[in-house]
Amino acid sequence: MTATTYTTFTGWIDRPTDLAAPLDTDIDCDVAVVGGGLGGMAIALRLAERGADVVLLESDFCGYGASSRNAGQLSGKPTGDPELLAKTNPQLLRDQVRFAEASVGFVEDLIKQLGIDCDYEPVGNVGVAATAGQLRKARRQAAALIAAGAADRFGDQRELGIPDTFLGGLLTTVGGTMNPGLFTLGVRAALLRSGVRVFEQSPVESVTELGAGAQVSTPLARVRAGRVVLANNAYAPEIRATPRHLAKPVWVSMVETAPVEAERLVATGWTSRSGLATRHNVMESYHVTPTNTIAVGVRRLEVGKNPLTDRTSDPAVVADLTAAFHARFPSLRDVPVTKTWGGWIAMTTSRLPAAGQASKNIYYIIGCNGHGLGQAPYLGTLLADQLTTDEIHHDLLPYWHTEPRFSRSLYLHNPVLRAAWLADRIGDRRAAR
């Protein structure tokens with residue numbers, strides 16, 4: 001591996017210089033939102049549109065977390081295993097397909113409404129198959145999703161315009177790729193222009209019920225609100241008001257290459273420029289940017305423990321992601337990796353988003369499980385509508401929990417995730433023989 005720049009933040013955007021001042025005096029409001037990711041910002045914006053007096057609290061700056069650090073793939077594919085759901089709960093699969101595709105449409109409309117220049121390309125995303133077994137799996141998933149109403153298409157490498165090291169895959173036509181940092185900063189700019197009172201650099205220490213409302217405490221001051229929404233995702237377990245076992249924090253890593261000449265990229269077979277995600281137990285993701293750099297992500301996951309801290313990229317993980325890039329693009333082995341970053345995401349036991357009431361006046365949304373670029377702002381907006389109308393939208397209903405009770409995860413443990421990575425590498429070696 002040639003020159004690699006390690007960073008404690010993100011490869012997509014730089015830290016904003018216009019940080020909002022921290023909360024330093026006690027205030028009152030209708031709704032307080034904890035967390036300035038895409039979900040939290042969407043909640044605050046919609047509530048303000050509906051006339052509510054809203055306060056948003058963020059420990060660093062809005063968009064600091066996974067919202068600006070993800071792979072940049074806006075996908076209409078639902079989370080979870082469509083084959084399994086098609087057999088056990090076909091209605092839920094149909095609901096998920098509708099929700100996932102609606103979330104993409106919502107974000108596309110938001111980009112237009114707010115005039116955000118985020119390099120969005122509506123080129124779809126492909127679940128690519130690196131082995132014959134993965135190709136069979138993609139074919140079965142395509143059948144299940146298409147039967148559930150998804151705008152998907154199964155095809156081979158040439159039909160889908162994907163790199164020739166892949167056999168084929170499942171194209172989700174709804175969605176595409178973008179610079180998630182620029183998108184997040186665009187939403188943040190709209191938030192700062194709105195009537196929402198935004199306090200960055202304001203870590204929340206506790207959230208408690210308080211008579212007819214709730215109270216949010218920070219190191220310098222408190223917010224008394226009629227209702228509070230927890231939208232701090234991977235950091236949620238650090239607040240005791242969060243339901244137990246709601247989600248676990250998982251660290252996801254990314255690298256980015258130097259620019260690749262256009263003719264060399266075309267020569268790999270990647271003519272569609274669609275976002276790519278492999279069908280491994282732990283996927284690999286690939287995203288070609290407008291400057292023809294390639295962002296490579298995931299492949300390894302690590303469960304963390306709250307309270308979470310910033311961290312630098314693990315050299316072993318960077319080397320593993322670089323090895324993945326070389327394996328999928330052997331003709332580009334001379335192209336160096338130049339950046340690396342990572343971030344904490346929230347993953348739920350069910351691998352589905354979750355929303356509901358933690359207690360009488362405290363609500364939550366969490367756990368888009370790597371699909372938060374589209375699903376978090378849509379889910380947040382639906383929750384905001386529910387708070388103002390007391391009616392639950394049909395796209396929110398499948399993820400709404402009337403009781404804040406969740407089971408422990410059986411698979412979100414580091415030994416299990418390491419075993420999944422090892423199984424993936426064994427499968428790759430067998431396929432290469």
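Numbering of residues begins at 1 and proceeds along the displayed sequence.
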*Asks:* Please name the pair of heavy atoms, one in Cys62 and one in Leu191, separated by the smallest distance, quoted to 0.1 Å.
*Replies:* SG-CD2, 4.0 Å

*Asks:* Side-chain contact test, heavy atoms from C-beta onward, threshold under 4.5 Å: evaluate it for Ile239 versus Ser206 and give yes or no.
*Replies:* no

*Asks:* Answer yes or no: is there a side-chain heavy-atom contact under 4.5 Å between Lys248 and His413?
*Replies:* yes

*Asks:* Just checking, any donor-acceptor pair under 3.5 angstrom between side chains of Ser313 and Thr340?
*Replies:*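 Short answer, yes.
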
*Asks:* Side chain of Arg273, backbone of Thr289: donor and acceptor closer than 3.5 Å?
*Replies:* yes

*Asks:* For residues 38-54, pull every pair meeting salt bridge (Lys or Arg N to Asp or Glu O under 4.0 Å), keeping only residues two or more places apart or in separate chains.
*Replies:*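 Listed once each, the pairs are Arg46-Glu49, Arg46-Asp385, Arg50-Asp385, Asp53-Arg197.
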
*Asks:* So, do Val207 and Leu230 sit near enough that their side-chain heavy atoms are less than 4.5 Å apart?
*Replies:* yes

*Asks:* To the nearest 0.5 Å, tell me how far Leu45 CG sits from Gln113 CD.
*Replies:* 10.5 Å

*Asks:* If you measure from OG1 on Thr257 to CG on Leu332, what distance do you get to the nearest 0.5 Å?
*Replies:*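 So the gap between those two atoms works out to 8.0 Å.
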
*Asks:* Enter the distance from Leu397:CG to Ile392:CD1 here, rounded to the nearest 0.5 Å.
*Replies:*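 It is 6.0 Å, given to the nearest 0.5 Å.
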
*Asks:* Closer than 3.5 angstrom, by distance alone: can the side chain of Ser409 be matched with the main-chain N or O of Tyr411 as a donor-acceptor pair?
*Replies:* yes

*Asks:* Mind listing the closest non-hydrogen atom pair of Val282 and Asp424 along with its distance?
*Replies:* N-OD2, 3.0 Å

*Asks:* Just checking, any donor-acceptor pair under 3.5 angstrom between side chains of Gln386 and Tyr363?
*Replies:* no

*Asks:* Could you tell me whether a side-chain N or O of Asn361 sits under 3.5 Å from a main-chain N or O of Gly213, the two making a donor and an acceptor?
*Replies:* yes

*Asks:* Under the side-chain hydrogen bond (donor to acceptor under 3.5 Å, both in side chains) rule, what pairs show up with a residue in residues 364-381, not counting sequence neighbours?
*Replies:*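 Qualifying pairs: Thr348-Asn369, Tyr378-Asp395.
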
*Asks:* Looking only at atom types and distance, does a side-chain atom of Asn414 sit under 3.5 Å from a main-chain N or O of Val303, one as donor and one as acceptor?
*Replies:* yes

*Asks:* Going by heavy atoms in the side chains, are Gln96 and Leu85 under 4.5 Å from each other?
*Replies:*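 Heavy-atom side-chain distance check passes, below 4.5 Å.
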
*Asks:* Could you tell me the separation between the CG atom of Leu373 and the OG atom of Ser103, rounded to the nearest 0.5 Å?
*Replies:* 9.0 Å

*Asks:* Do the charged groups of Arg264 and Asp334 touch, with an N to O distance under 4.0 Å?
*Replies:* yes

*Asks:* Distance alone, cut at 3.5 Å: any donor-acceptor contact between the side chains of Glu256 and Thr293?
*Replies:* yes

*Asks:* With a 4.0 Å cut-off on N to O distance, would you call Arg240 and Glu205 a salt bridge?
*Replies:* no

*Asks:* So, do Pro249 and Ile345 sit near enough that their side-chain heavy atoms are less than 4.5 Å apart?
*Replies:*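 They are not in side-chain contact.
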
*Asks:* Would you find a donor on one side and an acceptor on the other, under 3.5 Å apart, between the side chain of Arg227 and the backbone of Ala214?
*Replies:* no

*Asks:* From Met41 CE over to Thr184 OG1, what is the distance, rounded to the nearest 0.5 angstrom?
*Replies:*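 Going from CE on Met41 over to OG1 on Thr184, the span is 5.5 Å.
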
*Asks:* Who pairs with Asp428 by side chain to side chain donor-acceptor pair (under 3.5 Å), at least two apart in sequence or on another chain?
*Replies:* His280, Arg328, Arg425

*Asks:* Return the set of residues passing side-chain contact (heavy atoms from CB on, under 4.5 Å) with Glu83 (not counting sequence neighbours), or none when no residue passes.
*Replies:* Asp81, Lys137, Arg140, Gln141

*Asks:* Is Trp341 reaching over with its side chain to a backbone N or O of Arg69, donor-acceptor style, under 3.5 angstrom?
*Replies:*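 Confirmed, Trp341 side chain pairs with Arg69 backbone.
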
*Asks:* What are the two closest non-hydrogen atoms of Ala358 and Pro404, and how far apart are they?
*Replies:* O-CG, 3.8 Å

*Asks:* Assess the residue pair Ser272 and Val123 against the criterion (side chain to side chain contact (heavy atoms under 4.5 Å, CB included)); give the C-alpha distance rounded to whole Å, side-chain angles, the decisive distance to 0.1 Å, and a yes or no.
*Replies:* CA-CA 7 Å; Ser272 66; Val123 289; over 6 Å; no

*Asks:* Please report the interatomic distance CG(Leu185) to OG(Ser68), rounded to the nearest 0.5 Å.
*Replies:* 7.5 Å

*Asks:* Please determine whether a side-chain nitrogen of the Lys or Arg among Asp28 and Arg222 lies less than 4.0 Å from a carboxylate oxygen of the Asp or Glu.
*Replies:* no

*Asks:* What residues form a side chain to side chain donor-acceptor pair (under 3.5 Å) with Asp119, not counting sequence neighbours?
*Replies:*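 Asp119 satisfies side chain to side chain donor-acceptor pair (under 3.5 Å) with no residue once adjacent residues are dropped.
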
*Asks:* Is there a side chain to side chain contact (heavy atoms under 4.5 Å, CB included) between Phe99 and Leu396 once you walk through the steps?
*Replies:* CA-CA 8 Å; Phe99 172 79; Leu396 176 61; over 6 Å; no

*Asks:* Compare all side-chain heavy atoms of Glu101 with those of Val104 and state whether any distance is below 4.5 angstrom.
*Replies:* no

*Asks:* Please identify each residue that fulfils ring pair (Phe, Tyr, Trp, His ring centres under 6.0 Å) with His401, with sequence neighbours left out.
*Replies:*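 Listed in chain order: Phe406.
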
*Asks:* With sequence neighbours left out, what residues match Trp421 under ring pair (Phe, Tyr, Trp, His ring centres under 6.0 Å)?
*Replies:* none

*Asks:* Kindly say whether Ala295 contributes a backbone atom to a donor-acceptor pair with the side chain of His287 at under 3.5 angstrom?
*Replies:* no

*Asks:* Quick one: side chain to side chain donor-acceptor pair (under 3.5 Å) partners of Tyr399, sequence neighbours excluded?
*Replies:*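 Checked Tyr399 against side chain to side chain donor-acceptor pair (under 3.5 Å); zero matches.
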
*Asks:* Can you pull out every ring-ring contact (aromatic ring centres under 6.0 Å, His included) where at least one residue sits in residues 33-54? Sequence neighbours excluded, please.
*Replies:*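 The answer is none; no pair qualifies.
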
*Asks:* Quick one: list whatever passes ring pair (Phe, Tyr, Trp, His ring centres under 6.0 Å) with Phe329, sequence neighbours left out.
*Replies:*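 Ring pair (Phe, Tyr, Trp, His ring centres under 6.0 Å) check on Phe329 returns Trp270, Tyr286, Phe325.
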
*Asks:* According to side-chain contact (heavy atoms from CB on, under 4.5 Å), who are the partners of Ala32, at least two apart in sequence or on a separate chain?
*Replies:* Cys29, Val216, Val223, Ala225, Val228

*Asks:* Could you pull out all residues at least two apart from Ser253 that satisfy side chain to side chain donor-acceptor pair (under 3.5 Å)?
*Replies:* Trp251

*Asks:* Evaluate Asp164 against Gln157 for side chain to side chain donor-acceptor pair (under 3.5 Å), listing each step before the verdict.
*Replies:* CA-CA 6 Å; Asp164 54 21; Gln157 179 267 326; 5.6 Å; no

*Asks:* Could you tell me whether the side chain of Thr242 and the main chain of Ala236 form a donor-acceptor pair under 3.5 Å?
*Replies:*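 Side chain of Thr242 to backbone of Ala236: a pair is present.
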
*Asks:* Begin from the C-alpha positions of Leu56 and Glu58 and carry the test side chain to side chain contact (heavy atoms under 4.5 Å, CB included) through to its verdict.
*Replies:* CA-CA 7 Å; Leu56 185 144; Glu58 164 58 40; 4.2 Å; yes

*Asks:* Can you find a heavy atom in the side chain of Asp314 that is under 4.5 Å from one in the side chain of Arg300?
*Replies:* no

*Asks:* I'd like to know if the side chain of Glu238 and the backbone of Leu308 have a donor-acceptor N/O pair within less than 3.5 Å.
*Replies:*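 Indeed, once roles are kept as given, a pair shorter than 3.5 Å links the two residues.
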
*Asks:* Between Ala324 and Arg299, which heavy-atom pair has the shortest distance, and what is it?
*Replies:*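 Nearest heavy atoms, Ala324 then Arg299: CB-NH1, 3.4 Å.
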
*Asks:* Verify, without hydrogens or angle tests, whether Thr79 (side chain) and Arg351 (backbone) share a donor-acceptor contact under 3.5 angstrom.
*Replies:* yes

*Asks:* Which heavy atom of Leu220 sits nearest a heavy atom of Leu23, and at what distance?
*Replies:*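 Heavy atoms of Leu220 and Leu23 come nearest at CB-O, 3.3 Å.
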
*Asks:* Any side-chain heavy atom of Val97 sitting closer than 4.5 Å to one from Leu145?
*Replies:*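 Yes. Closest side-chain heavy atoms under 4.5 Å.
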
*Asks:* Locate the shortest heavy-atom distance separating Ala231 from Val33; write the atom from each residue and the value.
*Replies:* CB-CG1, 4.4 Å

